[in-house]
**Q** 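Take this structure, written in structure tokens, and hold onto it; I'll ask about it next.
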Amino acid sequence: MSLAGKRILLVISGGIAAYKSLDLIRRLRERGAQVRPVMTAGAREFVTPLAVGALSSGHVYTDLFSREDEQDVGHIRLARDCDLIIVAPATADLMAKMANGLAEDLASTVLLATDRPVLVAPAMNPKMWSHAATRRNVETLRRDGLSFVGPNAGEMAEGGEAGLGRMAEPLEIVAAAEDLLDGGRKPLAGRRAVVTSGPTHEPIDPVRYIANRSSGRQGHAIAAALAKLGADVTLVSGPVTLPDPRGVKVIKVERAEEMLAAVLGALPADIAVMVAAVADWRVATENTEKIKKTPGEGPPPLMLAENPDILKTIGHHAQRPKVVVGFAAETQDVEDNGRVKLRKKGADLIVANDVSPETGIMGGTRNSVKLITAAGIEEWPDLSKDEVAGRLAGWIAERLS
Ligand code: CTP
């Protein structure tokens, strides 16, 4: 009962994802929370107050000017008599109101009147999510101290379109609520960490580049897991389609050289976890114009130059972090190659995995890893990348304690 006795005000706004809020209510209550729902007029077009009330076992608040609602608790008490407000789904419209301090219905008024933590689970069409106006509003709300969970990438409920905009799953929202409510175990409080994630893109010319299949899922999950344990995390990410993890400073880069500069800029740090699939080579001479086909001359030669090895640089740096972790993406001899990398790169731990295409690890959501240290090899079972991240953050915290 991780949420026992917690009072949660759930603001449901008008998006198709409102149907998932019914499950969210159930999940929150299963964990012991009391849920008081507030619905916007839009939400009531998608799910009925009857269904929401049946699942939450109580009154559903809908109207700012209802004498009955005002006599019951009143909008100011509604805004304050709770431990956390969750807005799920949060539409682009409601976020715009929140970012601008509008109070024109019960939901927006409660959100303006509250002094409680607010967790926002956006849900909208990918174009609306990426619109400059929404980006500004999200940035404003983050600066105002609100927390976000999602949106995730995937197919939209309305079909046909894919991209960032799907509401986080109910259990992800529950986990984010648990994190916010429980000051939690913070063994990495006061520690600084730098994490690399994703691929790098090495330009061939202004329109082409060399890349790899890394999705950034594992690196992003590790950054989030370290932050969850209280670390002050800088995530240096190559080009990925993932949302920024919560509570993490994100520096976006394209090339290996930029990644190295950003990592060095994040020193001193106590922890370095280098997860990025850094391209080993870049094109030696930069082509500032698009390379054209010349009839009769065949393909142009591509001369490559070696990129800096970021992990090796950090592992041998004068300001070497106390714990340096690298990954080893292998398709054969996983353990032997991992041991060689541990030594050559000056790491304390190499997390080795088999990225042969049949494992589906590269770009997938699961991972089977072996932990290689000077002391030996430990094999973990097949886990989700989030679980690997959580365990690894725990391993690092123990090593530092
Ligand atoms: N790494 C890095 N900078 C590079 C190459 C790799 O920081 N230029 C890091 C990766 O982030 C990872 C570790 O080194 O933590 C091992 O990466 P991997 O690609 O498995 O090894 P490489 O050193 O590139 O060796 P090879 O490709 O020959 O296996």
Side-chain angles (χ1 to χ4, degrees), residues 193-203 209-223 225-226 233-240 251-267 269 271-284 304-317 319-321 323-357 359 361-363 367-374 377 385 388-389 392-393 395-396:
V194 55
V195 179
T196 63
S197 182
T200 62
H201 284 183
E202 307 296 333
Y209 55 82
I210 301 175
N212 60 64
R213 293 182 196 282
S214 169
S215 65
R217 280 203 187 97
Q218 188 63 82
H220 277 53
I222 290 168
L226 291 169
V233 182
T234 301
L235 171 65
V236 183
S237 173
V240 296
I251 301 178
K252 293 183 176 148
V253 298
E254 292 221 344
R255 320 161 178 218
E257 288 173 311
E258 293 165 357
M259 189 172 269
L260 174 64
V263 169
L264 292 175
L267 297 182
I271 303 159
V273 189
M274 304 289 97
V275 197
V278 183
D280 290 315
W281 305 284
R282 65 179 179 279
V283 177
L304 300 179
E306 198 164 321
N307 265 332
D309 188 321
I310 302 169
L311 174 59
K312 196 168 167 187
T313 308
I314 296 301
H316 296 97
H317 199 273
Q319 288 184 299
R320 183 190 188 280
V323 179
V324 174
V325 179
F327 271 64
E330 306 293 345
T331 54
Q332 55 187 342
D333 302 329
V334 176
E335 290 181 15
D336 287 347
N337 286 328
R339 268 195 225 97
V340 171
K341 281 181 189 169
L342 181 77
R343 207 177 49 248
K344 274 206 326 220
K345 304 211 181 202
D348 301 297
L349 166 66
I350 288 287
V351 182
N353 53 16
D354 184 344
V355 293
S356 308
T359 65
I361 286 174
M362 198 110 177
N367 209 349
S368 312
V369 301
K370 289 182 175 157
L371 268 64
I372 303 176
T373 60
I377 295 185
K385 287 185 176 174
V388 169
L392 187 63
W395 188 96
I396 291 169

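No experiment lies behind these values; they were computed from the predicted model shown. Atoms within each ligand, like the ligands themselves, are counted from 1 in listed order.
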**Q** Are the side chain of Gln218 and the backbone of Lys385 linked by a donor-acceptor contact shorter than 3.5 Å?
**A**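 Yes; judged by distance alone, with no hydrogens or angles, the pair exists.
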**Q** Under a heavy-atom criterion of less than 4.0 Å, does Lys345 contact ligand 1?
**A**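 Checking ligand 1 against Lys345, which is what was asked, there is a heavy-atom contact under 4.0 Å.
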**Q** Starting from atom 12 (C) of ligand 1, locate the nearest protein heavy atom and write down its residue, its atom name and how far away it is, to 0.1 Å.
**A**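 Sorting protein heavy atoms by distance from atom 12 (C) of ligand 1 puts Phe327 O, 3.0 Å first.
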**Q** Evaluate Gly326 for polar contact with ligand 1, using N/O atom pairs at a separation under 3.5 Å.
**A**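 In fact, backbone or side chain, Gly326 has no N or O that close.
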**Q** Is there side-chain contact between Val240 and Pro199, with at least one heavy-atom pair below 4.5 Å?
**A**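 Yes, side chains in contact.
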**Q** So, for atom 18 (P) of ligand 1, does the protein have a heavy atom nearer than 4.0 Å?
**A**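 Yes, there is a protein heavy atom closer to it than 4.0 Å.
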**Q** Report yes if Thr196 has an N/O atom closer than 3.5 Å to an N/O atom of ligand 1; otherwise report no.
**A**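 No, no N or O pair falls under 3.5 Å.
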**Q** Does the N or O separation between Ile310 and ligand 1 drop below 3.5 Å for any pair?
**A**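 In this structure, Ile310 places an N or O atom under 3.5 Å from an N or O of ligand 1.
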**Q** Report the residue from Asn367, Val369, Ile372 that forms a side-chain contact (heavy atoms from CB on, under 4.5 Å) with Val351.
**A**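 When Asn367, Val369, Ile372 are each tested with Val351, the side-chain contact (heavy atoms from CB on, under 4.5 Å) holds only for Val369.
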**Q** Can an N or O of Met274 be found at a distance shorter than 3.5 Å from an N or O of ligand 1?
**A**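 Between Met274 and ligand 1, an N or O pair is found under 3.5 Å apart.
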**Q** Evaluate the side-chain proximity of His316 to Asp309: yes if any heavy-atom separation is below 4.5 Å, no if none is.
**A**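 No - every pair of side-chain heavy atoms lies 4.5 Å or more apart.
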**Q** Would you please test Glu330 and Lys341 for salt bridge (Lys or Arg N to Asp or Glu O under 4.0 Å) and show each step?
**A** CA-CA 11 Å; Glu330 306 293 345; Lys341 281 181 189 169; 2.6 Å; yes
**Q** Under 4.0 Å from any heavy atom of Asp280, which atoms of ligand 1 are there?
**A**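 Taking each heavy atom of Asp280 in turn, ligand 1 has 5 (C), 24 (O), 27 (O) under 4.0 Å.
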**Q** Can you list the ligand 1 atoms lying under 4.0 Å from a non-hydrogen atom of Leu311?
**A**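 Answer, ordered by atom number: 2 (C), 7 (O), 9 (C), 13 (C), 14 (O), 15 (O).
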**Q** Tell me whether Glu330 has any N or O atom under 3.5 angstrom from an N or O of ligand 1.
**A**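 No, there is no polar N/O contact under 3.5 Å.
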**Q** For atom 4 (C) of ligand 1, what is the nearest protein heavy atom, given as residue, atom name and distance?
**A**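 Minimum-distance protein heavy atom for atom 4 (C) of ligand 1 reads Val278 CB, 3.5 Å.
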**Q** Measuring only between side-chain heavy atoms, which start at C-beta, is Leu267 closer than 4.5 Å to Ile314?
**A**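 Of all side-chain heavy-atom pairs linking Ile314 with Leu267, at least one is under 4.5 Å.
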**Q** Atom 29 (O) of ligand 1: which of Lys341, Lys344, Arg282 has the nearest heavy atom?
**A**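 Looking at heavy atoms only, Lys341 sits closest to atom 29 (O) of ligand 1.
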**Q** NZ of Lys252 to OG of Ser197: how many Å apart, nearest 0.5 Å?
**A**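 The OG atom of Ser197 is 11.5 Å from NZ of Lys252, to the nearest 0.5 Å.
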**Q** Measure the spacing between CG of Leu349 and CH2 of Trp395 and express it to the nearest 0.5 Å.
**A**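 The CH2 atom of Trp395 is 4.5 Å from CG of Leu349, to the nearest 0.5 Å.
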**Q** Does some side-chain heavy atom of Arg282 sit less than 4.5 Å from a side-chain heavy atom of Thr200?
**A**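 Thr200 does not reach Arg282 side chain to side chain.
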**Q** What I want to know is whether Asn307 and ligand 1 share at least one N or O pair that is separated by under 3.5 angstrom.
**A**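 There is no such contact.
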**Q** Which of the numbered atoms in ligand 1 are below 4.0 angstrom from a heavy atom of Ala328?
**A**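 What qualifies from ligand 1 is 20 (O).
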**Q** Quick one: CE on Met274 to OG1 on Thr196, what's the gap to the nearest 0.5 Å?
**A**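 Answer for the CE-OG1 pair, Met274 versus Thr196, is 4.5 Å.
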**Q** Ala276 heavy atoms, cut-off 4.0 Å: which ligand 1 atoms fall inside?
**A**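 Near Ala276, meaning under 4.0 Å from one of its heavy atoms, ligand 1 has 10 (C), 11 (O).
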**Q** Which atoms of ligand 1 are found less than 4.0 Å from any heavy atom of Pro308?
**A**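 Listed by number with element, the hits are 3 (N), 4 (C), 8 (N).
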